[in-house]
Visitor: 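So that we are looking at the same thing, I have put the structure below in structure tokens.
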Amino acid sequence: MRIHGAKNSVLKLMAACTLAEGTFVLHNVPDITDVDVMIRLLASMGMRVTRPGPDQLEIVNPGGLTPEAPYDLVEAMRASIVVMGPLLAVYGEARVAMPGGDDFGPRPIDMHLRGLELLGARFESAHGYIRAHAELLQGARVLLEFPSVGATENVMMAAVLAKGDTVIENAAREPEIADLAAFLNRMGANILGAGTSTVAISGVERLVPVEHSVVPDRIEAATYVAAVGIAGGEVTLVGARPDHMDMLCQKVGEMGMRTSADPDGLWVMANRRLHSVDLATLPYPGLATDYKPFLISLLALADGVGIVTENIFSGRFRYIDELVRMGADIRTEGHHAVVRGCERLSGAPVRAHDIRAGAALVIAGLRADGETEVRDPHHIDRGYEDFVGNLAAIGADVERLT
Ligand code: UD1
């Protein structure tokens, strides 16, 4: 099965196209609705985006953009706020709708704002919008309270055109951040250390448009790893980067799956019922919070009891109620969940509340008696290209109703 480009990278690469005038080409772009939202956002600012071929985007930045992210788009996709840093860097101003809470609970952007403030930005908020100004962005030392992915990206994209040197400490280390830095460096930026906790950026005068291929989606790949763990069998995830998924492979290995780096990607196999383990989500290279719903689906069917601790997003347990409707034995207490595995689940109508939770319910349905109907599949479309087609291609009995 072929793994597509990473949602969490391509959205930021698209935002970075605001940094230079001219024509960019992105390859390995997934056909997902979050990319459509980012296309609408870039278009609303004055850019032209087309899909010249499968998996490709051509993005034309004619300059003179309207530095604004309107409410309907930020509401549709919180990641829209990463345009703030680059717009400030180019235009000295940005107007971005304030993101509300979401299904994971409150998701503040205080670290984004504090980081940009250290570079010289000033903020006012009124009528649901944040207005940012900067006469001149000046490099600074930015120590993040927590290795926030979005804050690291926003500050990095502002700092590339700031005057002088910026050092981000306690930076997030996700592979998608290294991908963004590689893209920016190809554009002419001077970034060292992306993918580690200390990122050093020397500001440059100007950047140029480039062509780039998006890093493979480790979260999409993890979804199919879990599908194999639940249904049994053997799959090669073509294009997956096992080196980006070390902790996941280690965990599913402890549960009894076999994984191996393959010249084509990642090979995974499950030939018996898995056993339970405890797990805790942590910033990269720890176990991603985005993997957690799939791992809970695995634990719900494993032999034994597993304790899951969520350390990134406090409210990311809501989908468990849906899994319980399918017969899973799970109790939650604060940011912990105790999962007692059962032999089989029981197919039921359930609702997807977000991208990953929706995918986790579908794969849980692979080992549920009878039919599982997952409502609101549009959440899954935000992050998965042809999820149903991919699962059906490896033998799942799954179809799209709406
Ligand atoms: C990104 C990913 C998301 C992933 C998450 C953590 C995208 C589009 N989304 O989200 O899929 O689950 O990383 O790996 O790339 N926080 C603050 N203040 C801030 C910023 C963050 O308190 O200014 C908190 C958040 O509420 C959360 C934690 O920090 O508890 C981590 O958030 P962050 O790493 O910023 O996640 P996102 O970039 O929003």
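Remember, it's 1-based here, ligands and their atoms both numbered in the order they're listed.
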Visitor: Could an N or O of ligand 1 be found under 3.5 Å from any N or O of G150, whether backbone or side chain?
Guide: yes
Visitor: For R131, does the CZ atom have more than 12 heavy-atom neighbours from other residues, nucleotides or ligands under 6.0 Å away?
Guide: no
Visitor: Would you call K251 and E254 a salt bridge, taking side-chain N to carboxylate O under 4.0 Å as the test?
Guide: yes
Visitor: Does some non-hydrogen atom of A288 fall short of 4.0 Å from ligand 1?
Guide: no
Visitor: Pairs of donor and acceptor atoms involving the side chains of residues 203-212, under 3.5 Å and at least two apart or interchain, shall be tabulated with distances.
Guide:
from: E211; atom 1: OE2; to: H27; atom 2: NE2; distance (Å): 2.7
from: H212; atom 1: NE2; to: D179; atom 2: OD1; distance (Å): 2.8

Visitor: Are any of the N/O atoms on R78, whether in the backbone or the side chain, positioned under 3.5 angstrom from an N/O atom of ligand 1?
Guide: no
Visitor: Tell me whether R114 is salt-bridged to D110, with the criterion being a basic N under 4.0 Å from an acidic carboxylate O.
Guide: yes
Visitor: Below 3.5 Å, N or O to N or O, backbone or side chain included: is there any such pair between S148 and ligand 1?
Guide: yes
Visitor: Under 3.5 Å, is there a donor on one side chain and an acceptor on the other for N154 and H112?
Guide: yes
Visitor: Does the cation-pi check pass for R173 over Y284, that is, NZ or CZ under 6.0 Å from the six-membered ring centre and within 45° of its axis?
Guide: no
Visitor: Is the shortest distance from a Lys or Arg side-chain nitrogen in R331 or E333 to a carboxylate oxygen in the other one below 4.0 Å?
Guide: no
Visitor: With sequence neighbours left out, which residue pairs that include part of residues 388-402 fulfil the salt bridge (Lys or Arg N to Asp or Glu O under 4.0 Å) condition?
Guide: D381-R400
Visitor: Suppose I only count heavy atoms of A79 and a 4.0 Å limit; which atoms of ligand 1 are within that range?
Guide: 8 (C)
Visitor: What atoms of ligand 1 come within less than 4.0 Å of a heavy atom belonging to D290?
Guide: 3 (C), 4 (C), 11 (O), 12 (O)
Visitor: Look at ligand 1 and say whether E153 reaches it with a heavy atom at a distance under 4.0 Å.
Guide: no
Visitor: Check I312 against ligand 1 and report side chain, backbone, both or neither, counting heavy atoms closer than 4.0 Å.
Guide: both
Visitor: Provide the number and element of each atom of ligand 1 under 4.0 Å from a heavy atom of D110.
Guide: 17 (C), 18 (N), 19 (C), 22 (O), 23 (O)
Visitor: Hey, is ligand 1 close enough to M111 that some N/O pair sits below 3.5 Å?
Guide: yes
Visitor: Is V149 in polar range of ligand 1, meaning some N or O pair under 3.5 Å apart?
Guide: yes
Visitor: Using a strict 4.0 Å cut-off to heavy atoms of K12, name the atoms of ligand 1 that fall inside it.
Guide: 7 (C), 8 (C), 15 (O)
Visitor: Is the NZ or CZ atom of K292 positioned over F317's six-membered ring, under 6.0 angstrom from the centre and within 45° of the axis?
Guide: yes
Visitor: Nearest heavy atom to atom 31 (C) of ligand 1: which of Y284, F146, Y291 does it belong to?
Guide: F146
